[in-house]
Amino acid sequence: MRIWTSWDEEERAAAVRIAGLVVAALTLFIFIASFSYLFHWQEDMSLLGDPDALQATRSVGNAAGKLGFRTGHLLVCKLFGLGSFALLFILAAIAVRLLAHSWPNSLLKTALIALFGAFIASLVLAYAGSLAGLDTLFGGGLGGQCGAAVIGWSANLFGPIVTGLFVLILLACYLFFSSKRFNRWFSTLGQKK
């Protein structure tokens, strides 16, 4: 913090712009890596089992390279499946806040909505994928291994029908609590007191 306070206003503004550009570049890299993973996951998956092949000069199909393949594999296969794209809103919000000094909502609210959105999308897609027989698509299913694990546990414990109702209720709650109508109602409730 001493370094930050010793800088003048122009140096701080330059540092904020540089940080914003770095976060924007990271957002773009993760988007390209994840999107490219959707099309090249099968051909690149063979390299994952052989660490020497991944270290070698052989290129991967992912447009973001070997690091992009590993990033896409982590987000799409291991974590939230297609719901991982919701996580990009967090990085995009940070980049816009740093570069333009404005974002319509608080960053905390944006991060919470995006994180819960990624998780709920993972559950919905994993449940739909299990019904459609797409459990192995992208290496972890439509909802990734996170969603598949939760859906599998719930289906084993409660059965597929109750699991479907549970996912539907979670989705409805998420849509309600992240809606503008709820935010207006909640803010007017606070003003009446």
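Every value quoted in this text rests on a predicted model; they were computed, and no experiment measured them. Note that these values count all heavy atoms, side chains included, but never hydrogens, waters or copies made by symmetry.
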Do [X] and [Y] sit in the same hydrophobic cluster, where Ile, Leu, Val, Met, Phe, Trp and Tyr count as joined when their side-chain heavy atoms come under 4.5 Å apart?
X	Y	result
Val162	Tyr127	no
Leu131	Val167	yes
Leu168	Phe166	no
Ile18	Ile94	no
Tyr174	Phe89	no

Response to the item:
Nearest heavy-atom approach of Ala95 to Gly20 is CB-O, 3.9 Å

Worksheet item: Any idea which heavy atoms bring Cys146 and Ser122 closest together, and the distance?
Response: C-OG, 4.2 Å

About how many Å separate [atom2] of [Y] and [atom1] of [X], when rounded to the nearest 0.5 Å?
X	Y	atom1	atom2	answer
Leu137	Leu82	CG	CG	7.5 Å
Ser34	Phe29	OG	CZ	9.0 Å
Leu123	Thr163	CG	OG1	10.0 Å

Fill in: Counterpart residues, side-chain contact (heavy atoms from CB on, under 4.5 Å), relative to Leu21 (two or more places apart)
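By the side-chain contact (heavy atoms from CB on, under 4.5 Å) rule, Leu21 matches Leu99.
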
Discussion item. Trp153 and side-chain contact (heavy atoms from CB on, under 4.5 Å): which single residue from Leu157, Ile151, Asn156 fits?
Written reply: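 That would be Leu157.
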
Fill in: Partner of Leu115 by side-chain contact (heavy atoms from CB on, under 4.5 Å), out of Leu87, Thr110, Ile120
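When side-chain contact (heavy atoms from CB on, under 4.5 Å) is applied between Leu115 and each of Leu87, Thr110, Ile120, only Leu87 qualifies.
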
Worksheet item: Near Phe35 CZ, under 6.0 Å, is it more than 12 heavy atoms from other residues, nucleotides or ligands?
Response: no

Fill in: Contact check, side chains of Phe80 and Phe85, non-hydrogen atoms, under 4.5 Å
no

